[in-house]
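Just so we're on the same page: letters track the sequence lines, and every chain starts at 1.
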Number of protein chains: 2
Amino acid sequence: MEQIDTLVATTRRVRAFEPLYRAGSPFKSLYAIRLGSFKTVVVSEEGREQVTGFQVPAELLGLDGVDNDTHTVTAVALEDSTVCVIPYARLEEVSIQVPALRRQIFRAMSREIVHDHDVMMMLGSMRAEQRVASFLLDLSRHHVARGYAASEFRLRMTREDIGSFLGMKLETVSRILSRFDEDELLTVQKRLIRILNIDGLNAVLSYH
Amino acid sequence: MEQIDTLVATTRRVRAFEPLYRAGSPFKSLYAIRLGSFKTVVVSEEGREQVTGFQVPAELLGLDGVDNDTHTVTAVALEDSTVCVIPYARLEEVSIQVPALRRQIFRAMSREIVHDHDVMMMLGSMRAEQRVASFLLDLSRHHVARGYAASEFRLRMTREDIGSFLGMKLETVSRILSRFDEDELLTVQKRLIRILNIDGLNAVLSYH
DNA sequence: CGCACGGTTGACCTGTATCAAGCCGGGTGG
DNA sequence: CCACCCGGCTTGATACAGGTCAACCGTGCG
């Protein structure tokens, strides 16, 4: 990230619910999130929509566009957000002279691939309850990594976004959160989550 | 791929059902498939297994290992296969002087990310029948791209592998193939698939 | 003020899992 | 060479997770 800072041409603000870029639009830059959060959404030919991920500060957006010089997902801000714009042409240029930078990009892409595999596993082989638990534990881990308390955080996205990401309906997300609350694994107050029993949540993952 | 040929240190043969590399083993090389086919499998801490993809000649294996110098998936040959071994250290070296090569690697990684997003959409928002149709149409497209007939091909993997990849049980895969057969969209004879009505299969994707 | 949107909860329905039996084809050992 | 076995596959009966439809609540915004 430090090296990337030297490449930053500009920063850009994106208002809540506005797209940073859209699927189908030409790819020119990567974006490093400074502040705020995003969701990425794919839309199929038949109009099917699916949230493929949520991104928070220090994460990189736009890698999907490298292949065809065209974005394949739409990135939408979940709240007022700020990103650093990294012109891709300049990045390629600079990466010639700076091996460490080149390696960082390779790694960032590989990391996204690995992460996507984890999501595929979640979608393909977990039950709804486990997917929600896994999602919350992931958020919690992210918060720790960013220096916040692991046990309390605000969801930035709607139940519908969560459902789309986890491959279930919003009603199911809601019911499962309520059940977790009832079982005293956590408390839910609209979007505020307080985890009471991390071990219990982890245990949900190993059901049958 | 032509440029990659100049990097190939050796080729390696892998017998059917043998791993090319395992999750957790040190990452040293990428592999370009010459002949045969593979499946990639992730295993979670709880022992959950999930097939994350199937690979055929001209595809690249091992990109998941770049991030941590450790493979995160296991690649298993579905039949006797041959791969070109591309030592990663050498690839990084050569990519300094050859911008076109560097770009190719970036693209290959981006392409995998885009592909993974498509799989996520399939898993997250399609019904079982649609996932199977989508899978078969994908295979058919691949066969066309490789110069074979679109309408007839042999599955290289078991029903269980397909089910794992598509997030359903092997019985469901079997039933759906039988139903497609009954509806005269295709014929199934064990692993030999003959597509009779591509438009019909495509139409399955747009149900409800 | 009231409307729209996000969320919760209930009743009911259905797609897919589960469990179980049986088939087929190929490889092995008697 | 045949009998057997085993793994991959199909098919049926039944169970249940999660989807669907609907009613209702709270709250923030025009």
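- Distance from the side chain of B:Lys169 is smallest to C:dT18 among D:dG28, C:dT8, C:dT18.
- Atoms CG (B:Leu166) and P (C:dG15) sit 18 Å apart, rounded to a whole Å.
- Set against D:dT10, D:dG19, D:dG18, the side chain of A:Arg175 has D:dG19 as its closest nucleotide.
- When the nucleotides C:dT18, C:dT9, D:dA17 are ranked by their closest atom to the side chain of A:Arg127, D:dA17 comes out on top.
- Surrounding CZ of A:Arg103 are at most 12 heavy atoms belonging to other residues, nucleotides or ligands under 6.0 Å away.
- Here D:dT10 presents its P atom at 10 Å from CG of B:Leu155, a figure rounded to the nearest Å.
- Relative ring orientation between A:Tyr21 and A:Tyr31 is described as parallel, the plane-to-plane angle staying below 30° on a 0-90° scale split at 30° and 60°.
- Rounded to whole angstrom, the span from the CD atom of B:Glu129 across to the P atom of C:dT16 amounts to 8 Å.
- Between A:Arg179 and A:Glu129 there is a salt bridge, since at least one side-chain N of the basic residue sits less than 4.0 Å from a carboxylate O of the acidic one.
- Taking the nucleotide of DNA chain D with the nearest heavy atom to each of A:Lys190 and B:Met157, the more 5' of the two is matched to B:Met157.
- Atom CD in A:Glu182 sits roughly 13 Å away from atom P in C:dT8 (whole-Å rounding).
- Here the nucleotide nearest the side chain of A:Glu171, chosen from D:dG18, D:dC21, C:dT8, is D:dC21.
- In this structure, CG of B:Leu170 is placed 10 Å from P of C:dA17, rounded to the nearest angstrom.
- Counting only heavy atoms from C-beta on, A:Arg159 has its side chain closest to C:dT8 among C:dT8, D:dT20, D:dT10.
- More than 12 heavy atoms of other shown residues, nucleotides or ligands fall within 6.0 angstrom of atom CZ in B:Arg146.
- Minimum atom distance to the side chain of A:Arg191 is reached by C:dG7, of the listed D:dT11, C:dG7, D:dG18.
- Residue B:Ser178 has a polar side-chain atom (N or O) positioned under 4.0 Å from OP1 or OP2 of D:dT11.
- Atom CD of A:Gln189 is separated from atom P of C:dG6 by 20 Å (rounded to the nearest Å).
- As rounded to whole Å, 16 Å separates atom P of D:dT20 from atom OH of B:Tyr207.
- At whole-Å resolution of the value, CZ in B:Arg154 and P in D:dC9 are 10 Å apart.
- The pair A:Glu160-A:Lys169 fails the salt-bridge criterion, with no side-chain N (NZ, NE, NH1 or NH2) lying under 4.0 Å from an Asp/Glu carboxylate O.
- For B:Thr172, the listed nucleotide lying nearest its side chain is C:dA17; candidates were C:dA17, D:dG8, D:dG28.
- Distance from the side chain of A:Ser174 is smallest for C:dT9 among the nucleotides C:dT9, D:dT20, D:dG18.
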